[in-house]
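Here the structure comes first, spelled out in structure tokens, and everything after it is commentary.
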Amino acid sequence: MDKQTRDILEILGEDARVSHAEIATLANMSEKDVTGTIQQLEKAKIIRRYKTVIDWELAGEEYIYAIIELKVRLERKEGYQAIAERLYKFPEVRSVRLLSGEHDISITVRGNSMKQVAFFVAEKIGTLDQVYSTATHFVLKTYKEDGLILDEPEQVKRLPVTP
Amino acid sequence: MKTVPPSGIRRFFDLVSEIDDVISLGVGEPDYVTPWHIREACIHSLEQGETSYTSNFGLIELREEVSRLYTRKHGVYYDPGTEILVTTGVSEALDLAIRTVVNPGDEVIVVQPSYVAYIPSIIFAGGVPVSVSTKMENDFKLTPKELESAITDRTKAVIINYPNNPTGATMDRGDLEAIADVIVEHDLLMISDEVYECLTYEGTHTCFSSLDGMRERTILLNGFSKAYAMTGFRMAYALAPPEIISSMMLIHQYTMMCAPITAQIGAIEALKNGEAEMQKMIREYDRRRHLIVKGLNDIGFDCFKPKGAFYAFPSIPDTGLSSDEFAERLLNEEQVVTIPGSVFGETGEGFLRCAYAASRNDIKEALERMDRFLGRL
Ligand SMILES: Cc1ncc(COP(=O)(O)O)c(C=O)c1O
């Protein structure tokens, strides 16, 4: 990856709303080149999409999250892809990961109440043919998500003038 | 003592403390907290009870890491046993170096605009500072001619600092080789303050002692303050031939004893595992560099594009104000802190030091305020 591409990705990765003109300044490129490079990155699916980090709790929406670890039975030919697809098509399922170790797959489920999440797991996930056990862990508090610390970020305490 | 005035930066510090809603481009240190892995290593060492003095030279493991770094990066070998001294900041290393090489009456050449500590340190050691001025039209590089013009029979050493505080200038290998020739010809020593080494955005940094014949004539100073955002740790080192290091060590052992052990442990961690986080900070400084230089030029300053460190050093448009008046009014009227160029030597008059170790939002806001201020002048 060249330096300018990395610059663009790092800048947008932190704040997707920075204008192309500002990126051009920061990365020392022309605005036209920035726009061209971003289009290429989008086309190559390196940039998947632009999303907003929302504190739903603060907005008054009481979401409940649970991490569910699954043990699965693999069917011939199909491998893990088939079960992953069945899982990720549920909108309640926010993430699906294949794991090494004791469990095979970990998913994150979001709902409006513990009861709703529990029923979803029991009815939709636990009943899938390939799934032979589930372990549900409700999330009590999230401190850091996808690289973003959710508490107030740490500020350096500097004097206002130093040599 | 009375001949050395307090740093001009200090005066601004006092002014600022009385004003609210200040945006500071006056800070000569990173706006990052030290990377967590480094702090964590220090915390762990405290839990393990590592709270004693260390060897006067510093922990051998740290000296070995430094030695490996210079071999790997610059192809110069320094013996961890006799040629590396760990100090409390480049500040201490600088003082030791000057006290070691300067006899009363010896002249030391300082390349200005320069970091504020050089001239006072020379005077404290009984030496005589002699200034040479670099110029914006030469990209603030020292030319061999300028250097020669300042040399006399009493000249003992030269202090250079690239990447430079306050100008952001760098010198490439060819530029430095021309200086090295003058050093040999006049049989001088070089004190090279390379504390901003890692913050080089264009080209690659050449360490002075890696030049032909310069290892024996160089006291190289470098540290952790800027590259690893570790200013408060007070961690640095001096690299020099054994005769020089042993003299510096003599002063160090009686005045400082040793650098703090916790900070030394943090420094080891920084050298072993700090590269990725350092590079990330440097990439961000580089973006801010483009932002501030373009911004300053757009609002009417004439700003040299710095190649290293984290300072922009624009020349002030001709408004009849001295750089001191300009900076003071900018502070009082728009609450933006900058440092007047005159603080860094007479030749800095007419310039302003704007540190871009500040968030992009602060830089943008400061530029808007400066634009407003210029509009009113
Ligand atoms: C050129 C230069 N040398 C040395 C220092 C002091 O560094 P340290 O924190 O290692 O004492 C500074 C700090 O601003 C500097 O700019």
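Order of the sequence lines sets the chain letters (A, B, ...), proteins ahead of strands, with each chain counted from 1. All values reported here derive from a predicted model rather than from experimental measurement.
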- request: Under 4.5 Å, counting heavy-atom pairs only, tell me which of Asn28(A), Thr25(A), Ile11(A), Thr162(A) racks up the most with chain B.
  value: Thr162(A)
Heavy-atom count check: over 12 atoms from other residues, nucleotides or ligands less than 6.0 Å from [X] [atom1]?
{"X": "Lys124(A)", "atom1": "NZ", "value": "no"}
{"X": "Asp21(B)", "atom1": "CG", "value": "yes"}
{"X": "Tyr50(A)", "atom1": "OH", "value": "yes"}
{"X": "Lys280(B)", "atom1": "NZ", "value": "no"}
{"X": "Arg369(B)", "atom1": "CZ", "value": "yes"}
{"X": "Glu85(A)", "atom1": "CD", "value": "yes"}

Quick check on [X] against chain A: is it the side chain, the backbone, both or neither that has a heavy atom closer than 4.5 Å?
{"X": "Phe13(B)", "answer": "both"}
{"X": "Pro166(B)", "answer": "neither"}
{"X": "Ile339(B)", "answer": "side chain"}
{"X": "Val116(B)", "answer": "side chain"}

Looking at [Y] and [X], is any side-chain nitrogen of the basic one under 4.0 Å from a carboxylate oxygen of the acidic one?
{"X": "Glu10(A)", "Y": "Arg283(B)", "value": "yes"}
{"X": "Glu22(A)", "Y": "Lys294(B)", "value": "no"}
{"X": "Arg158(A)", "Y": "Asp31(B)", "value": "no"}

message: Please classify the contact between Glu14(A) and chain B as side chain, backbone, both or neither, with a heavy-atom cut-off of under 4.5 Å.
response: side chain
statement: So, the part of Lys3(A) with a heavy atom under 4.5 Å from chain B: the answer is side chain
- request: Report yes or no: does Asn165(B) contribute a side-chain atom to a donor-acceptor pair with the main-chain N or O of Pro163(A) at less than 3.5 Å?
  value: yes
task: Could you give me the CA-CA distance, side-chain angles and deciding distance for Asp7(A) and His290(B), then say whether side-chain contact (heavy atoms from CB on, under 4.5 Å) is met?
output: CA-CA 12 Å; Asp7(A) 271 333; His290(B) 297 307; over 6 Å; no
task: Evaluate side-chain contact (heavy atoms from CB on, under 4.5 Å) for Leu159(A) paired with Val27(B), printing each intermediate quantity in order.
output: CA-CA 7 Å; Leu159(A) 301 172; Val27(B) 195; over 6 Å; no
- prompt: Among residues 55-67 of chain A, which ones touch chain B with a heavy-atom distance under 4.5 Å?
  reply: none
- prompt: Knowing that exactly one of Arg289(B), Arg288(B), Arg360(B) qualifies, which makes a side-chain contact (heavy atoms from CB on, under 4.5 Å) with Leu26(A)?
  reply: Arg360(B)
